[in-house]
Q: 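Before anything else, here's the structure in question.
Computed from heavy atoms alone, side chains included, the values below leave out hydrogens, waters and symmetry copies.
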Amino acid sequence: MVCGGFTCSKNALCSLNVVYMLVGLLLIGVAAWGKGFGLVSSIHIIGGVIAVGVFLLLIAIVGLVGAIHHHQVMLFFYMVILFIVFLFQFGVSCSCLAMNGGQQEALLNSAWGMLNNKTKMDLESQLNCCGLLNNRESRAQFDQDVAQCTALCKSESCHTCGDLMLTHATVALKILGGVGLFFSFTEILGVWLAVRYRNQKDPRANPSAFL
């Protein structure tokens, strides 16, 4: 069977979904590792990463079962969901690559405001810093964070966490955007393979289909 035929499309789609399953398991494992080593104690962050891993794992299982059995309904839902994920991930990746310094600062402020005090203190201890950004707009919040800070540097002179994060934010966003963009194209590849494979006939089920 030449590549592009039924068997090749089936094997390619199965292989792609096995990779998605491994990525999903990796996300779940990393979240569990981070929780076990006390790197992040917030149940919301851990739960969010695990939820993404489980979601990716479930999509991969649906795609894998649909590919093995050539199940039309499962393949249809698989390619629709994967296309929606592609649109979302492509948009987020492009936003990461196009984000400037002011937007990075606004994003940090927004994300910091959604964290509880325990998570903030964990981050301050890990990064050895206190508070986010010491500016006029967030002075009250900054003073409150510094008062609650337990980082080792507090007895001397601490950098703000925002300054440390912004120093590496551009590189981190480019890496995240690039990786996200790469995986978004693998998702559109999965959609194309699913559409192609779904419209092909199984020669073993109907040998006369190609006569």
Side-chain angles (χ1 to χ4, degrees), residues 3-4 8-34 39-40 42 44-67 74-115 123 126-127 161-199:
C3 189
C8 183
S9 297
K10 177 180 179 179
N11 292 338
L13 192 57
C14 288
S15 300
L16 187 63
N17 283 288
V18 168
V19 172
Y20 287 155
M21 289 178 67
L22 293 175
V23 173
L25 291 172
L26 180 63
L27 287 174
I28 296 172
V30 167
W33 175 79
L39 298 180
V40 180
S42 173
H44 300 292
I45 295 176
I46 297 296
V49 175
I50 291 177
V52 171
V54 171
F55 178 71
L56 186 58
L57 191 61
L58 290 176
I59 292 178
I61 291 174
V62 170
L64 188 60
V65 174
M74 294 183 75
L75 287 172
F76 173 77
F77 281 107
Y78 168 77
M79 65 188 189
V80 169
I81 294 172
L82 202 62
F83 183 70
I84 294 172
V85 173
F86 159 75
L87 292 177
F88 176 77
Q89 188 169 332
F90 183 79
V92 171
S93 300
C94 290
S95 299
C96 288
L97 292 173
M99 193 172 292
N100 58 36
Q103 292 169 331
Q104 292 173 19
E105 187 173 323
L107 181 62
L108 275 178
N109 275 316
S110 177
W112 188 265
M114 292 187 291
L115 299 178
L123 287 172
Q126 291 292 328
L127 298 175
C161 297
D163 289 339
L164 294 178
M165 292 177 183
L166 287 172
T167 301
H168 305 287
T170 302
V171 176
L173 285 171
K174 285 183 178 179
I175 294 174
L176 287 173
V179 171
L181 203 60
F182 171 76
F183 274 103
S184 69
F185 284 114
T186 68
E187 288 159 5
I188 202 65
L189 174 63
V191 173
W192 176 77
L193 281 172
V195 172
R196 177 175 180 164
Y197 177 63
R198 187 171 178 265
N199 292 327

Q: Between Arg196 and Ser9, what is the shortest heavy-atom contact and its length?
A: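 Where Arg196 meets Ser9 most closely, the heavy atoms are NE-OG, 3.9 Å.
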Q: For Val195 and Met79, work out which heavy atoms get closest and say how close.
A: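 Heavy-atom minimum between the residues: CG2-SD, 3.3 Å.
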Q: List the atom pairs, with distances to 0.1 Å, where a side-chain N or O of residues 91-99 and a protein N or O form a donor-acceptor pair under 3.5 Å, not counting sequence neighbours.
A:
| residue | atom | partner | partner atom | Å |
| --- | --- | --- | --- | --- |
| Ser93 | OG | Gln89 | O | 2.8 |
| Ser93 | OG | Leu181 | N | 3.3 |
| Ser95 | OG | Gly91 | O | 2.9 |

Q: Side-chain contact, heavy-atom cut-off 4.5 Å: Val85 with Phe55?
A: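 A side-chain contact exists here, since the closest heavy-atom pair is under 4.5 Å.
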Q: Scan Val62, Leu22, Leu25 and name whichever one has a side-chain contact (heavy atoms from CB on, under 4.5 Å) with Leu57.
A: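 Checked Val62, Leu22, Leu25 against Leu57; only one passes side-chain contact (heavy atoms from CB on, under 4.5 Å): Leu25.
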Q: Is the shortest heavy-atom distance from the side chain of Ile188 to the side chain of Phe83 under 4.5 Å?
A: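 They are in contact (side-chain heavy atoms under 4.5 Å apart), so the answer is yes.
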Q: CG/Leu87 to CD/Glu187 distance, rounded to the nearest 0.5 angstrom?
A: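 It is 9.5 Å, given to the nearest 0.5 Å.
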Q: Working to the nearest 0.5 Å, report the span between CG of Asn17 and CG of Leu82.
A: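 Between Asn17 CG and Leu82 CG, I get 8.0 Å after rounding to 0.5 Å.
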Q: Restricting to non-hydrogen atoms, name the atom on Tyr20 and the atom on Ala60 that form the minimum distance, rounded to 0.1 Å.
A: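 For Tyr20 and Ala60, the tightest heavy-atom pair comes out as CB-CB, 3.7 Å.
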Q: Are Leu75 and Leu13 side-chain neighbours, meaning at least one heavy-atom pair lies under 4.5 Å?
A: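 The answer is yes, as the side chains (C-beta and beyond) meet within the 4.5 Å cut-off.
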Q: Evaluate the side-chain proximity of Phe182 to Val179: yes if any heavy-atom separation is below 4.5 Å, no if none is.
A: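 When only atoms from C-beta onward are counted, Phe182 and Val179 do not touch, as no gap falls below 4.5 Å.
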Q: Measure the SG-OH distance between Cys8 and Tyr197 for me, rounded to the nearest 0.5 Å.
A: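 Taking SG in Cys8 and OH in Tyr197, the distance rounds to 11.5 Å.
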Q: Can you tell me how far CE of Met21 sits from SG of Cys14, rounded to the nearest 0.5 angstrom?
A: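 CE of Met21 is found 11.0 Å from SG of Cys14.
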Q: Which atom names give the shortest non-hydrogen contact between Gly190 and Tyr78, and what distance separates them?
A: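 Minimum heavy-atom contact is O-CE2, 4.1 Å.
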Q: Would you please classify the geometry between the Phe86 ring and the Phe185 ring as parallel, tilted or perpendicular, with 30° and 60° separating the classes?
A: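 The arrangement is tilted - the two ring planes meet at 30° to 60°.
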Q: If you measure from CG on Leu64 to CD1 on Ile59, what distance do you get to the nearest 0.5 Å?
A: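 The CD1 atom of Ile59 is 13.5 Å from CG of Leu64, to the nearest 0.5 Å.
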